[in-house]
Protein chains: 2
Amino acid sequence: MVKKETYSISELAKEFDVTTRSIRFYEDQELLKPTRRGQTRIFSSKDRVRLKLILRGKRMGFSLSETKELFDLWDETLSGNEKQLLLMLDTLSRKRAQLEQQKNDIAMAEMEMDTAEARCREALADLEQKKKDQKMPANDEESTTAEQK
Amino acid sequence: MVKKETYSISELAKEFDVTTRSIRFYEDQELLKPTRRGQTRIFSSKDRVRLKLILRGKRMGFSLSETKELFDLWDETLSGNEKQLLLMLDTLSRKRAQLEQQKNDIAMAEMEMDTAEARCREALADLEQKKKDQKMPANDEESTTAEQK
DNA sequence: CAAATACTTTACGTTTACGTAAACTTTATC
DNA sequence: GATAAAGTTTACGTAAACGTAAAGTATTTG
């Protein structure tokens, strides 16, 4: 009783919050390869891992076929011949470059969100100030319209 | 002559390596709002910035409608009323959470790529070793088959 | 001024990633 | 043993994000 070896389709669907339709679709596309008992699908823990990877890939903007390519490549890599190993190393380095790009994009996005948030807070502070001014108008001059530029 | 104020569709297409079709599609979806001279589109530097954001969004796995929502929200935010400002701040914090998730995903992916690469290199080293053994078999015992586990 | 070049609209086609419904079989439950 | 619950296949439908002609306009260039 280590970790549970097999899973039903609805168990996986519930755990990862996807529809059974999606899971069947992933099998159809050969990203998952459940065995059968009768006609019922039985998923292994390897399938479970792959499902997790599929979903992470999606969040990272990977298409199913990209993910499948990686799965296939990894399977072939396990065959152990030198050509496949080198191919895998090459692919890994390309993927790493992709991740670098994504980290860059995220960093950029964060910076822009920082400045956006700062501007929001400024604008809010201005509004609060005006509220006070309205309640307790200390000095005169026209204060109603046109203040920027 | 500061920064060039306007761009043709093909200039932008070339600069960002997208098709003109895509750019027109983005306009159709109201992500870009070029003006016209006659019937020809004229893109402002604001459009240019937005195109850049669209593409970055795509690399980060954002749909066009998600990006459009952000654009619209930002435009409304600029109207300056308190409700919109608060809504924007809320949205920003949700997007930040999303970015955190993505960073997590990337970190996971990197770790898995590290171990994958390590295994590849091990396997390669093993192969090299076997090549040497074949050329210069120093000791006896059966050395042909089954060495792991 | 004719031909090439750049732009346009209109519109049907395509791929991806499922949603949704219909019609069955198998297994569990009352 | 009826019926609900969970599974299945088959198949048509759909939204997103463009691709790909087709056919026309506008401008530039030899």
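Naming: A, B, ... by sequence-line order, numbering from 1 per chain.
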Undergrad: Counting side-chain heavy atoms from CB outward, which of dA17(C), dT8(D), dT20(C) is closest to R21(A)?
TA: dT20(C)
Undergrad: For the side chain of T40(B), counting heavy atoms from C-beta on, which of dT8(C), dC18(D), dA17(C) is nearest?
TA: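 Out of dT8(C), dC18(D), dA17(C), the nucleotide with an atom closest to T40(B)'s side chain is dT8(C).
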Undergrad: Pick base, sugar-phosphate or nothing for S8(A), based on heavy-atom distances below 4.0 Å to the nucleic acid.
TA: sugar-phosphate
Undergrad: Between dA16(D) atom C1' and Y26(B) atom OH, what is the distance in whole Å?
TA: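 It works out to 11 Å between those atoms.
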Undergrad: Nearest to the side chain of I9(B), heavy atoms from C-beta on, is which of dT8(C), dG19(D), dT9(D)?
TA: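 So the side chain of I9(B) is nearest to dT8(C).
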Undergrad: Side chain of R41(B): nearest nucleotide among dG19(D), dT8(D), dT8(C)?
TA: dT8(C)
Undergrad: Does R50(A) make a cation-pi contact with F71(A) (under 6.0 Å, within 45 degrees of the axis)?
TA: yes
Undergrad: Quick one: L64(B) CG to dT16(C) P, roughly how many Å, whole number?
TA: 17 Å
Undergrad: Just to confirm, is there a sub-4.0 Å distance from OP1 or OP2 of dG19(D) to any side-chain nitrogen or oxygen of T19(B)?
TA: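 Yes, within the criterion.
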Undergrad: What is the distance from CG of L32(A) to C1' of dA17(C), rounded to the nearest Å?
TA: 14 Å
Undergrad: Does the side chain of R59(B) reach to within under 4.5 Å of the side chain of Q102(A), using non-hydrogen atoms?
TA: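 No, their side chains stay 4.5 Å or more apart.
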Undergrad: Counting side-chain heavy atoms from CB outward, which of dC18(C), dG7(D), dC7(C) is closest to S10(B)?
TA: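 The listed nucleotide nearest to S10(B)'s side chain is dC7(C).
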Undergrad: Should the pair K103(B)-E110(A) be classified as a salt bridge under the 4.0 Å nitrogen-to-oxygen rule?
TA: yes
Undergrad: Tell me whether D28(B) is salt-bridged to R21(B), with the criterion being a basic N under 4.0 Å from an acidic carboxylate O.
TA: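 The answer is no: the pair does not qualify as a salt bridge.
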Undergrad: Tell me the interatomic distance from D28(B), atom CG, to dT8(C), atom P, rounded to whole angstroms.
TA: 13 Å
Undergrad: When the distance from CG of L31(A) to P of dA17(C) is rounded to whole Å, what number comes out?
TA: 9 Å
Undergrad: Does dC18(C) have OP1 or OP2 under 4.0 Å away from a side-chain N or O of K58(A)?
TA: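 So the side chain of K58(A) is within the cut-off, an N or O lying under 4.0 Å from OP1 or OP2 of dC18(C).
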Undergrad: What nucleotide among dT8(C), dC18(D), dT9(D) has an atom nearest to a side-chain atom of S22(B)?
TA: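 The answer is dC18(D).
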Undergrad: Return the value, rounded to whole Å, for the distance between atom CZ of R37(B) and atom P of dC7(C).
TA: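 After rounding, the reported distance stands at 11 Å.
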Undergrad: Identify whether L64(B) and W74(B) are in the same connected component of the hydrophobic contact network (ILVMFWY, side-chain heavy atoms under 4.5 Å).
TA: no
Undergrad: Between dT8(D), dC18(D), dT25(D), spot the one nearest the side chain of Q39(B), thanks.
TA: dT25(D)
Undergrad: Nearest of dA17(D), dC18(C), dT9(C) to any side-chain atom of R36(B)?
TA: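 It is dT9(C).
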Undergrad: When the nearest nucleotide of DNA chain C is assigned to E11(B) and to I54(A) on a heavy-atom basis, which residue is associated with the more 5' position?
TA: E11(B)
Undergrad: May I have the distance from L51(B) (atom CG) to dC18(D) (atom P), rounded to whole angstrom?
TA: 11 Å
Undergrad: Take the protein atom CZ of R24(A) and the nucleotide atom C1' of dC18(C), then report the distance between them rounded to whole Å.
TA: 13 Å
